[in-house]
Every structure is written in C-alpha cells, then in structure tokens.
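What follows is one structure encoded as structure tokens, with my remarks underneath.
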Amino acid sequence: MDNKNVKEENGNESKSLNFIQQIIEEDLKNNVNDGRVHTRFPPEPNGYLHIGHAKSICLNFSLAQQYQGKCNLRFDDTNPVKEDTEYVDSIMEDIKWLGFSWEGDPHFTSDYFEQLYDWAVKLIKDGKAYVDDQSAAVIADQKGTPTVPGTESPFRNRSIEENLDLFTRMRAGEFKDGEKVLRAKIDMASPNMHMRDPLMYRIMHASHHRTGDAWCIYPMYDYAHGESDYIEGITHSICTLEFEVHRPLYEWFVTNLTETDYKPKQREFARLNLSYTVMSKRKLLELVKDHHVNGWDDPRMPTVSGLRRRGFTPASIRHFADTIGVAKRNNVIDYSLLEHCVREDLNKTATRVMGVLNPVKLIINNYPENQEEMLNIDNNPEDENAGSREIPFSRELYIERDDFMEDAPRKFFRMTPGREVRLKAAYIVMCEKAVKDEDGNITEIHCTYDPKSKSGSGSEESKRKVKGTLHWVSVKHAAKAEVRIYDRLFNHEAPDAQKDVDFKEFLNPDSLNILTECYVEPSLKDAKAEESFQFTRLGYFSVDKDTTSEKLIFNRTVSLKDSWSKKKN
RNA sequence: UGUCCCGUGGUGUAAUGGUAACACACCUGGUUUUGGUCCAGGCAUUUAAGGUUCGAGUCCUUACGGGACAACCA
C-alpha cells in the first residue's frame with residue numbers, strides 16, 4: 001500500500017519487476033561481473049522473425065536500456081544447411097523496424113569458429129573431449145533414455161595424442177560426413193541427458209553462407225552458444241524454457257574453458273504462445289513452402305514482416321510485449337490482446353476516412369441532379385491537431401449494403417423505410433423505399449434529405465438526435481479499391497498444442513477474403529504504402545506495399561469492436 | 001515411473017509473511033454526428049491436504065495437475 005502511494009506520488013508508473021529484472025538487480029547489488037548488464041538477441045538465420053521473437057527482442061533490448069547496458073545482435077549460424085543471408089537481412093530489418101538498435105556491428109557465431117576450435121583442442125588436451133568413430137545410431141543407442149543410464153563409447157578413452165591427431169584430420173577434411181564426431185567427456189550416467197557426453201563437433205561438407213568452404217566441421221549449439229556469450233562479454237544470456245535442461249552443460253563448458261571471474265549466466269523464460277496461431281519456424285516455413293500463404297510477409301502470418309504489412313505498428317507490438325509480461329509458466333495469450341494493443345495505438349493516430357466495402361446505391365430524390373458540394377470532416381476526433389479535410393457530396397452515394405434492412409428490428413439503428421439516419425458529416429435523410437430486380441435483390445435505395453440538417457451548420461435541425469450515423473461515398477467522386485480482409489489462419493484455438501495431429505488440418509480456408517467492388521473517398525488515391533486509416537465503423541486498414549499493380553489495395557489490420565454484431569448472435 | 005521447471009479469475013501478469021492488484025475478454029449503464037473512442041460499475045477467498053506462524057498466494061511436507069529432456073537442429 002505504502003509502496004503504491006509512493007509510486008503514485010512520484011508519478012512513476014514503474015511496474016513491479018519481473019523475475020529477470022529481479023535477478024539482474026540482485027547481480028547488480030552483488031557486483032557480479034563488475035556490475036555490467038550485457039544481453040544479446042541470438043537468432044539462427046533460418047527463417048523470418050515472428051511475434052514470439054519480438055517478445056525476446058523487446059525483453060533483451062529493454063533490459064539493456066533500463067540498466068544502462070548493451071545488447072548485441074548475434075546470428076547463431078552453426079548449421080550451414082539451414083541458413084541463408086536472406087534471413088540475416090530480414091532479421092536485421094525487422095529489429096530496426098521494431099525500434100531497437102544493437103550494440104556495434106552484428107555478430108556471428110561463425111566469426112568465432114577459429115577460437116571455438118582452439119578451445120576444443122584445449123579440452124582434448126585436458127582429457128575432457130574425445131573423438132568418437134561410431135555412427136549416429138549407435139551413439140544414440142548408447143545414450144540410454146531419461147530413465148535408463150547410458151553406456152560408454154569404446155572410443156571414450158583414446159589417448160590425448162590420438163584424439164588430437166584425429167580432430168586435426170577431421171578439420172582437414174580427411175573424413176566423410178558422419179564418420180567421426182568430437183564429444184565432451186562428462187558422464188554417461190548423468191540423470192540429465194544433455195550431460196551424457198554431448199557432441200561438440202560434427203563433420204559437414206557443406207558451404208556456409210559466410211565462411212564458404214573454409215570449414216567442414218561445425219560446432220553444435222550447446223558448445224558454441226555459451227562460449228560465444230563469453231567472447232562477447234554477455235552477462236545475462238536469456239533464452240526460452242526448453243533450454244533449461246541445457247543449463248548445466250552451458251555452465252560446464254564455460255567453467256572448463258575459462259579461468260576469469262567473469263561468467264555469462266543463462267536464464268530462461270516462457271516463450272510466447274498466441275491463440276489460433278502457430279509459432280514454430282518449422283511450421284511457418286511449411287506454410288510458406290506449401291503455398292498456404294503468400295510468403296513470409298503474408299498479412300496472416302504472425303511474422304514481424306507479416307504484421308507490418310497488415311498494418312501493425314512497432315509501438316503496438318512493443319506495448320503488447322510489455323503487457324504480456326515475462327514468467328516461467330507456459331502460457332497462451334489470447335489473440336484479442338494483440339488486437340487491443342494495435343487498436344489502442346491506431347485509435348490515437350489513424351486518420352478517419354470513409355469507405356464502402358459492400359456498396360449499394362443510395363439516391364437522394366430531393367437533391368438536385370447536377371448539384372455537388374464539399375463537406376468538412378475531422379481527420380481525427382481523438383487528435384485536435386489532426387485538422388480536417390473536404391469530401392465531395394452529391395445526389396448519388398454508395399452506402400454499405402448491411403446498413404439497410406427492409407424489416408428491421410427495433411434495435412436496428414441504421415437505414416430502414418420510414419426512419420431517419422444521419423449521413424456522417426452530411427445530412428439527415430429519411431428512407432423511402434428500396435428498388436429491387438426480378439430476383440428480389442436490392443439495386444438501389446431512395447431517400448429524401450433535410451437541407452437544414454447539414455452537419456456543423458448550427459441549425460436546430462442539425463442538432464436533432466437520430467439513432468444511427470452511416471458512412472458513405474459519392475458515386476461520382478469515389479475511388480475504386482481492393483480490400484483484403486484477413487481472418488485467423490487456424491480454426492483451432494491452440495493448433496500448436498495438438499501434437500498428434502497435423503497442424504495443417506486446422507487451417508482456416510476462409511482466412512483471406514478479397515473484396516474488389518469497394519469504394520473509398522477520393523483523398524485516398526494519394527495514400528502511401530503502409531499508411532494506416534480508420535474506416536468509419538469498419539475497422540483499421542493500411543495501404544498494401546504491393547505497388548506492382550495500379551490498384552489501390554487496403555489490408556484490414558483489425559476490425560473495430562462491434563457490439564451490434566454481438567447482440568445479434 | 002529418472003532429472004529439472006511450473007501451478008493465482010475465461011486469458012495473461014502482479015502482490016518483498018500483513019486488506020489478492022492491473023490488463024485483456026465478458027456483462028450492466030452513461031456520453032457520443034463512428035453500434036468506435038471515452039466514462040462509471042460488475043466478475044477469483046490463489047490445485048488439494050497437512051504443518052510453521054498472531055497472521056500464509058508467499059515458508060515446509062505430501063499428493064494431484066501441466067511442461068521440458070533420449071537431433072551429427074537451434
């Protein structure tokens with residue numbers, strides 16, 4: 001209670017510390033690693049970044065900011081067959097877009113291959129590593145199971161000289177893939193599987209995207225990661241929960257290879273899971289390769305580039321990451337929280353415009369045929385400085401087909417014969433009738449307007465209260481646009497958790513809906529790529545970056561909250 | 001039937017042994033020229049059972065539940 005009051009008095013909105021911050025503050029208090037805070041974000045360049053990575057990015061970079069520390073970007077590129085510079089480039093672009101900058105130049109684990117090799121030699125000389133000639137299958141078999149201890153390899157007690165010779169020849173390319181590996185000599189009976197003589201190096205005659213053919217042996221993650229942290233002076237190596245059991249191994253390498261007081265510290269937090277989406281890079285890659293989506297930046301993808309193209313803002317993603325918190329228990333964040341974050345941000349900044357997605361013609365019978373006028377409308381009622389603009393009004397308009405109903409229930413606040421509604425920023429109109437074709441489809445709606453009810457005119461008539469306000473565009477002046485509406489990619493609330501089922505069985509076939517007969521107000525002809533708008537009563541939309549076609553394309557970022565459609569159901 | 005991690009509303013995250021708080025979602029009502037926004041209100045005795053204590057979500061024990069670990073992936 002007292003604490004809270006103090007915080008409020010200071011105007012300090014400082015939230016309580018998450019468990020990582022508590023660890024750091026404890027370390028700072030004890031002057032661990034000279035009181036430095038140095039984090040890192042270490043992606044493998046084998047795919048595009050997704051919203052889960054964004055959580056980790058926000059965590060690592062903000063921690064560095066909070067504690068006057070540094071945060072590195074390091075590409076964990078130890079497996080050449082999966083990695084590519086395309087991914088390196090996209091990862092850097094996405095981090096920058098999110099609003100963070102890494103310390104100095106990007107780092108690469110491949111930059112440390114020589115040092116890692118030297119350290120491996122040292123381990124051999126210390127009798128703590130050996131070359132094993134057995135096949136992967138045999139080694140796996142000897143490893144035992146979580147409940148059964150492993151057995152030792154017959155090559156485990158080779159002489160140091162022989163190990164040194166063999167390891168040198170491994171590097172020299174004398175052996176084929178899989179013929180030999182280097183293993184750490186730890187404990188085949190350890191209850192922790194990762195301590196049962198883990199592999200340090202494997203032979204891969206593969207070209208690496210940065211080192212080319214300079215190497216034919218590549219270090220494994222467990223060996224390379226902690227040592228790379230050490231080289232870079234990382235103090236807090238924050239990773240996800242599945243690496244928790246790797247921690248003793250991380251510490252084993254650091255302890256056995258270094259003599260300084262400085263030691264990087266690995267800590268783990270729960271990865272992000274989002275309802276109705278998959279988050280594993282393997283699955284996302286499959287969606288791309290099998291053309292279930294149109295690339296990594298498809299607006300339905302939970303990738304950073306997909307969210308960007310969909311119209312999400314960096315601030316909204318940062319706020320989301322902040323809101324979901326950091327803890328160690330498994331979680332599934334409801335997708336609606338992400339939607340809330342983007343609405344909250346866009347509501348403050350997005351220009352209000354009018355567009356009609358499913359048009360039907362509205363004819364104002366008592367409005368002169370050749371008359372047209374410009375009406376003034378606020379760009380954003382949330383923002384006084386946003387100004388206003390002029391939009392054209394005429395006798396024939398498009399309105400939303402859903403905004404008309406012939407036999408309407410009492411609670412229907414839109415257009416229906418005999419009731420009045422306001423056309424936003426224009427006049428109050430009284431609906432008269434709907435005209436239909438032979439099949440009974442409504443082709444046009446007729447109404448009359450009250451000339452004295454013009455918005456902002458200050459007249460008594462303009463102040464009259466009507467229940468509904470409709471958005472519209474002038475037929476003569478409207479710009480034609482294509483609008484893409486995205487729904488969730490999966491039907492199942494947690495497709496990631498369905499282990500025994502192919503996640504693709506939950507794909508939502510209606511996740512993309514392209515509307516081609518849409519009309520928007522003429523000012524939008526000049527809209528720039530990625531610019532965001534709020535279409536009155538419809539939602540937030542952003543201009544697609546795809547300028548290969550002449551078409552004006554909008555992606556719907558997110559709908560507006562709609563209490564009417566909820567009531568209907 | 002091993003080791004490690006984790007159990008607080010529908011979903012997340014807080015609560016430093018002292019009145020279970022905040023956000024999302026949901027439900028009421030009010031304002032509104034967007035059925036948006038905004039405003040007001042409602043919604044959990046913390047997996048269970050013991051124990052320590054004046055006092056336990058918090059410490060201890062046991063049970064139950066969930067997760068991770070047996071890639072020459074990261």
Side-chain angles (χ1 to χ4, degrees), chain A residues 1 3-4 15-18 22 42-44 46 76-79 81-83 132 135-136 139-141 143-150 177-178 180-183 190-196 199 201-204 218 220-222 224-225 239 241-248 268 270 275 281-282 323-341 343-344 347-348 352 354 377-378 381-382 411-414 421-426 428 453 455-456 462-471 534-540 559-567:
Chain A
M1 220 38 180
N3 278 345
K4 225 178 265 173
K15 294 196 288 186
S16 51
L17 302 179
N18 65 47
Q22 285 175 27
E44 182 187 14
N46 67 343
D76 215 345
D77 54 350
T78 56
N79 187 0
V81 301
K82 286 189 177 177
E83 297 152 8
D132 198 330
S135 70
I139 290 175
D141 197 45
K143 210 147 204 172
T145 71
T147 53
V148 178
D177 287 6
K180 289 188 171 26
V181 290
L182 184 73
R183 292 227 259 170
S190 169
N192 183 337
M193 297 291 291
H194 296 281
M195 300 299 272
R196 323 242 261 228
L199 267 61
Y201 274 92
R202 76 284 215 192
I203 299 171
M204 278 175 124
Y218 291 93
M220 303 289 291
Y221 165 87
D222 281 311
H225 201 90
C239 60
L241 240 34
E242 60 266 31
F243 293 102
E244 205 158 25
V245 279
H246 295 238
R247 191 149 108 196
E268 310 82 13
S275 61
K281 272 201 253 183
R282 195 209 90 221
T323 306
I324 59 178
V326 180
K328 292 190 74 165
R329 64 189 94 104
N330 299 318
N331 60 76
V332 181
I333 308 285
D334 202 300
Y335 199 87
S336 63
L337 181 59
L338 181 58
E339 293 184 331
H340 163 80
C341 289
R343 281 194 196 104
E344 189 180 48
N347 179 48
K348 287 180 289 194
R352 269 60 170 172
M354 292 203 281
I377 185 169
D378 282 344
E382 303 288 319
K411 290 284 237 174
F412 186 76
F413 299 154
R414 309 179 211 172
V421 293
R422 174 172 287 283
L423 296 172
K424 188 175 170 67
I428 293 174
S453 66
S455 283
S462 74
K463 290 173 188 163
R464 194 155 20 112
K465 301 278 181 201
V466 289
K467 271 290 190 184
T469 303
L470 304 188
H471 56 279
Q534 187 197 86
F535 282 18
T536 301
R537 295 184 50 232
L538 294 176
Y540 295 98
S559 64
L560 252 30
K561 282 217 220 171
D562 182 4
S563 56
W564 164 246
S565 70
K566 260 182 240 157
K567 274 179 190 160

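Residue numbers start from 1 in every chain, and the chains themselves are labelled A, B, ... in the order their sequence lines are given, proteins ahead of strands.
In this structure, A:Gly539 reaches neither bases nor backbone, as no heavy-atom distance under 4.0 Å exists between it and the strands shown. Counting non-hydrogen atoms under 4.0 angstrom, A:Tyr540 reaches nothing in the nucleic acid. A:Tyr218 comes within 4.0 angstrom of no nucleic acid atom, judged by non-hydrogen atoms across all strands. Within 4.0 Å of A:Pro248, counting heavy atoms only, lies no atom of the nucleic acid at all.
The side chain of A:Arg282 places no N or O atom within less than 4.0 Å of a non-bridging phosphate oxygen (OP1 or OP2) of B:rA74. Dashed line: the shortest gap from a side-chain N or O of A:Ser563 to OP1 or OP2 of B:rG36 is under 4.0 Å. Here A:Lys465 reaches the OP1 or OP2 of B:rU33: one of its side-chain N or O atoms lies under 4.0 Å away. For A:Arg537, a side-chain nitrogen or oxygen approaches OP1 or OP2 of B:rG35 to under 4.0 Å. Within the 4.0 Å cut-off from OP1 or OP2 of B:rC72, not a single side-chain nitrogen or oxygen of A:Arg183 is found. Regarding contacts with the backbone of B:rU37, every side-chain N or O of A:Lys348 stays at 4.0 angstrom or more from both OP1 and OP2.
At a cut-off of 3.5 angstrom, counting only N and O atoms as typed in the model, there is no donor on one side facing an acceptor on the other between the side-chain of A:Thr147 and the base of B:rU1. Remark: the A:Glu382 side chain and the B:rG36 base include a donor-acceptor N/O pair separated by less than 3.5 Å. Within 3.5 Å, no donor on the side chain of A:Arg343 pairs with an acceptor on the base of B:rG36, nor the reverse. Interface remark: the A:Gln534 side chain does form a donor-acceptor pair with the B:rU34 base, using a distance-only criterion of under 3.5 Å.
For A:Tyr221, the listed nucleotide lying nearest its side chain is B:rA74; candidates were B:rU34, B:rA74, B:rA68. Between B:rA70, B:rA74, B:rU37, one nucleotide has an atom nearer to the side chain of A:Pro146 than all others, and that is B:rA70. The side chain of A:Lys328 lies closest to B:rC5 when the candidates are B:rC5, B:rG35, B:rC72. Of the candidate nucleotides B:rU13, B:rC5, B:rC24, B:rU13 has the atom lying nearest to any side-chain atom of A:Arg329. Counting only heavy atoms from C-beta on, A:Lys561 has its side chain closest to B:rA25 among B:rA25, B:rU34, B:rG12. For A:Arg202, the side-chain atoms get nearest to B:rA74 when compared with the rest of B:rA74, B:rC69, B:rU34. With B:rG12, B:rA70, B:rA14 as the choices, the nucleotide that has an atom nearest any side-chain atom of A:Ala327 turns out to be B:rA14. With B:rA14, B:rG67, B:rC69 as the candidates, the nucleotide lying closest to the side chain of A:Met193 is B:rC69. Side-chain proximity of A:Leu337 to the nucleotides B:rC24, B:rA15, B:rA70 is greatest for B:rC24.
In this entry the distance linking CD of A:Glu244 with P of B:rC69 reads 12 Å, nearest Å. Protein atom CZ of A:Arg352 is 18 Å distant from nucleotide atom P of B:rU32, rounded to whole Å. Rounded to whole angstrom, the span from the CG atom of A:Leu538 across to the C1' atom of B:rG35 amounts to 12 Å. In this structure, the NE2 atom of A:His194 is 16 Å from the P atom of B:rU3, given to the nearest Å. Distance, A:His471 NE2 to B:rU33 P: 18 Å, rounded to whole Å. Atom pair A:Asp222:CG and B:rC69:C1' shows a separation of 11 Å (rounding to whole Å applied). When rounded to the nearest whole Å, the span between CD of A:Gln22 and C1' of B:rA14 equals 10 Å. Residue A:Phe413 contributes atom CZ, which lies 15 Å from atom C1' of B:rU33 at whole-angstrom precision.
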So A:Thr469 and A:Arg537, side chain to side chain donor-acceptor pair (under 3.5 Å) or not? Walk me through it.
CA-CA 9 Å; A:Thr469 303; A:Arg537 295 184 50 232; over 6 Å; no
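B:rA56 and B:rU19 have their C1' atoms separated by 14 Å, given to the nearest Å. Of the P atoms belonging to B:rA15 and B:rC59, the separation is 12 Å, rounded to the nearest Å. For the C1' atoms, the distance linking B:rG17 with B:rG10 amounts to 30 Å, nearest Å. The separation of B:rU62 from B:rG55, taken at their C1' atoms, amounts to 23 Å, rounded to a whole angstrom. Comparing the same atom, P, in B:rU58 and in B:rA48 gives a spacing of 11 Å after rounding to whole Å.
Of the charged side-chain nitrogens involved, at least one lies within less than 4.0 Å of a carboxylate oxygen, so that A:Glu268 and A:Arg247 count as a salt-bridged pair. Salt bridge status for A:Lys281 with A:Glu44: absent, with no side-chain N to carboxylate O gap under 4.0 Å.
In terms of position on RNA chain B, the residue among A:Glu242 and A:Lys180 whose nearest nucleotide sits closer to the 5' end is A:Glu242.
Side-chain contact check for A:Asn192 and A:Ser190: no donor-acceptor pair (N or O, by modelled atom type) lies under 3.5 Å.
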